Amino acid sequence: MITVIDYGLGNVLAIANVYKIANIPVRVAKCKSELEGAEKIILPGVGAFDYAMRRLQESGMKEFVDDLVNVDHIPVLGICVGMQMMAKSSEEGALPGLGWIDSVVKKFDKDKLIEKTGLPHMGWNDYRVVRSMGLLNNLESHAKSYFLHSYYMKCNYNDDILALTEYGIEFASVVNHGNVFGVQFHPEKSHEYGSRLLLNFAEL
Amino acid sequence: MLRPRIIPCLLIRNKGLVKTILFKDDRYIGDPINTVKIFNEKHVDELIAIDIDASVKNCEPDYAMIANLARECRMPLCYGGGIKTVEQALKIIGLGVEKVAISSAAIQNPSLIEKLAKEIGTQSVVVVLDVKKKFLARSYETYLLNGKKASGYDPADLAEEMEKRGAGEIVVNSIDHDGAMRGYDLELASLIRDRISLPLTILGGAGSLRDIENLIMKFGIIGAAAGSLFIYKGPTRGVLINYPKPEEKDAIVSRSLGRFADSGFGISSVSV
């Protein structure tokens with residue numbers, strides 16, 4: 001059973017749809033009680049860092065999710081801002097992050113970017129797998145995904161990086177530390193490449 | 001490598017998919033959800049859906065319809081039409097839409113863009129400029145309310161201002177080229193490209209994949225959006241939802257980017 005956290009941000013229904021089509025049990029949690037007994041959780045996200053952190057806090061689920069991840073060690077997958085929320089802090093906001101991955105979220109340096117494409121990093125890009133993992137099964141060559149962001153996660157430990165993507169610099173587009181997983185792109189909006197990744201997460 | 005985006009643009013009126021010519025003469029095409037399902041199978045890069053009545057009739061965005069579109073889309077969705085407030089935009093993002101497009105309201109109330117950037121993040125704020133060439137002049141003017149009202153503003157000036165205020169993407173829609181299927185207005189695209197360093201998407205005029213190739217060849221990484229091209233087939237404009245196959249798309253991109261690189265711009269990267 002996959003539990004998708006619905007704190008008012010991100011494409012909860014599109015994620016749930018991928019699992020429904022594959023006959024994998026999925027539920028959506030809007031409050032603490034609906035998180036009880038969760039076995040695997042997905043933290044989606046679209047939007048600004050502080051707004052996302054505030055919404056998660058206001059949903060009443062933040063502390064409970066933190067326990068599920070840090071005490072019960074259940075697998076969690078963060079998507080886009082949901083991944084960035086797993087860092088300690090972000091240059092985009094003032095609120096602290098969840099701190100599940102030893103990292104900070106930084107803004108891309110415009111000066112290092114390809115001329116005129118600017119920020120945000122928007123569109124389909126590839127990723128290069130640097131550490132094999134079940135999450136990336138069958139995605140190890142020629143996988144593409146849709147990116148939409150101006151900030152990226154800078155990991156303090158390279159071991160936490162599963163895949164890198166190039167946009168002026170190479171940044172961590174897939175990360176993993178223990179039971180914590182994050183993807184900077186939108187698997188729910190990346191056709192079969194993204195569905196494959198979400199199904200891989202279910203099989204972990 | 002980041003790729004150029006090839007984007008079908010769906011116009012919605014009374015919950016139905018329509019297509020216009022020069023922003024007029026709209027023709028009913030079909031059901032938008034069915035169209036999205038077909039575009040899913042064709043692996044489109046992303047979709048733009050615009051409710052062309054919402055701002056004109058001054059009504060609220062149709063949240064139920066937007067939620068249905070967002071749930072079906074296996075690709076990113078940009079929704080526009082009738083968004084005037086931060087609350088409306090937040091609600092739409094909450095329905096699972098990646099980007100909201102603001103047009104009339106961005107011109108009438110530019111500070112909305114700053115507020116949106118702060119709440120939903122720059123990456124999700126798209127400004128759509130509906131542009132018409134001035135009569136007997138070489139310059140252009142931006143229009144409001146689905147092309148019904150001239151704003152008096154030069155589109156390149158507006159694009160620059162919107163970037164400063166926090167827009168994450170500019171979509172330039174040529175009213176003169178809408179539905180004409182005779183190619184993009186490359187001159188207009190150049191005027192805007194020179195003034196901003198944001199993702200830019202050009203809409204209006206694409207009649208063949210060659211037109212898209214020409215746009216990418218000239219500008220490199222850019223959004224090439226089209227309505228008629230992906231909805232009609234053949235000179236009689238029979239309705240047939242279509243989109244280049246992945247290998248066709250790769251060929252277009254590598255041919256045009258190859259020639260783009262030859263033009264001296266080059267694609268460079270700097271490692272950290």
Side-chain angles (χ1 to χ4, degrees), chain A residues 6-18 21 44-52 55 80-81 92-93 109-126 144 146-151 154 165-171 186 188-195, chain B residues 1-7 40-46 67-68 70-77 90-91 93-99 116-126 163 168-169 193-194 196-201 219-223 246 253 265-272:
Chain A
D6 182 1
Y7 61 111
L9 281 178
N11 205 326
V12 172
L13 295 176
I15 296 166
N17 236 3
V18 171
I21 291 164
V46 170
F49 185 85
D50 275 2
Y51 181 71
R55 287 301 298 257
C80 192
V81 173
E92 193 185 11
D109 180 353
K110 268 195 172 185
D111 296 339
K112 288 182 180 168
L113 295 175
I114 300 159
E115 189 161 357
K116 284 289 182 191
T117 54
L119 289 179
H121 174 217
M122 176 186 290
W124 289 78
N125 205 336
D126 354 62
K144 295 180 287 186
Y146 192 90
F147 290 81
L148 180 58
H149 62 125
S150 302
Y151 295 80
K154 185 159 180 23
T165 291
E166 195 263 311
Y167 191 58
I169 57 166
E170 275 202 313
F171 67 93
H186 287 278
E188 76 283 17
K189 293 299 179 105
S190 296
H191 297 306
E192 79 273 21
Y193 301 110
S195 306
Chain B
M1 183 197 77
L2 183 66
R3 290 163 178 75
R5 297 168 291 135
I6 301 177
I7 311 165
N40 278 341
E41 284 163 21
K42 297 190 178 297
H43 290 177
V44 312
D45 288 340
E46 62 181 86
N68 283 337
R71 192 188 56 236
E72 284 306 326
C73 272
R74 304 243 51 75
M75 71 299 268
L77 173 65
L90 285 171
K91 192 164 175 184
I93 293 287
L95 295 175
V97 170
E98 281 69 29
K99 300 188 267 189
L116 284 172
K118 196 157 167 267
E119 291 292 332
I120 66 178
T122 284
Q123 80 291 332
S124 296
V125 183
V126 178
E163 175 172 14
E169 179 182 11
R193 181 71 290 175
D194 289 347
I196 57 165
S197 61
L198 287 178
L200 172 65
T201 294
F219 298 103
I221 308 295
I222 195 162
V253 168
F265 283 93
I267 292 175
S268 58
S269 71
V270 181
S271 55
V272 266

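All values below come from the heavy atoms of this structure, side chains included, with hydrogens, waters and symmetry mates left out. Because the structure is predicted, anything quoted here is derived from the model rather than measured. First the proteins, then the strands, lettered A, B, ... as listed; each starts at 1.
- Considering only heavy atoms from C-beta on, A:Tyr193 stays 4.5 Å or farther from B:His43 through its side chain.
- At a 4.5 Å heavy-atom cutoff, the contact between A:His149 and chain B is made by backbone atoms alone.
- For the residue pair B:Pro76 and A:Lys189, the shortest heavy atom distance occurs at CD-O, 3.5 Å.
- A:Trp124 and B:Val44 get closest at one heavy-atom pair: CZ2-O, 4.3 Å.
- Smallest separation of non-hydrogen atoms from B:Ile93 and A:Val46: CG2-CG1, 3.9 Å.
- Of the atoms belonging to B:Lys99, it is side-chain heavy atoms, and not backbone ones, that fall under 4.5 Å from chain A.
- At a threshold of 4.5 Å between non-hydrogen side-chain atoms, the residues A:Glu188 and B:Glu98 count as touching.
- For the pair A:Asn11 and B:Ala70, the tightest heavy-atom approach, listed with the atom from each and the gap, is ND2-O, 3.6 Å.
- With values rounded to the nearest 0.5 angstrom, B:Glu46 atom CD is found 11.0 Å from A:His186 atom NE2.
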message = Checking B:Arg74 against A:Val18 for the side-chain contact (heavy atoms from CB on, under 4.5 Å) test, could you report, in this order, the C-alpha distance in whole Å, the side-chain angles of both residues, the deciding distance, and whether it holds?
response = CA-CA 9 Å; B:Arg74 304 243 51 75; A:Val18 171; 2.9 Å; yes
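- Across every non-hydrogen atom of B:Glu163 and A:Lys110, the tightest pair is OE2-NZ, 3.5 Å.
- Between chain A and the residues B:Val125, B:Asn40, B:Leu90, B:Leu77, the most heavy-atom pairs under 4.5 angstrom are made by B:Leu90.
- Interface summary for chain B: among A:Leu119, A:Ile15, A:Val12, A:Leu13, the most heavy-atom pairs under 4.5 angstrom belong to A:Leu119.
- Here the CD atom belonging to A:Glu166 is positioned 9.5 Å from the CE atom belonging to B:Met1, to the nearest 0.5 angstrom.
- Top candidate by heavy-atom pairs under 4.5 Å with chain A, chosen from B:Cys73, B:Pro4, B:Gly223, is B:Cys73.
- When heavy atoms are compared at a cutoff of 4.5 Å, A:Asn17 approaches chain B solely by way of its side chain, counted from C-beta outward.
- For the set B:Ala67, B:Gly94, B:Ala117, B:Gly168, the entry with the most heavy-atom pairs within less than 4.5 Å of chain A is B:Gly168.
- Heavy-atom distances place the side chain of A:Ser195, and not its backbone, under 4.5 Å from chain B.
- Ion pair B:Arg3/A:Asp126 flagged as a salt bridge, since at least one NZ, NE, NH1 or NH2 atom sits closer than 4.0 Å to an Asp/Glu carboxylate oxygen.
- Rounded to the nearest 0.5 angstrom, B:Thr122 OG1 and A:Glu92 CD are separated by 7.5 Å.
- Between B:Leu2 and A:Asn125, the shortest heavy-atom contact is N-OD1, 3.4 Å.
- The CD1 atom of B:Ile221 sits 9.0 Å away from the NE2 atom of A:His121 when rounded to the nearest 0.5 Å.
- Of the two parts of A:Leu148, the backbone and the side chain both hold a non-hydrogen atom closer than 4.5 Å to a non-hydrogen atom of chain B.
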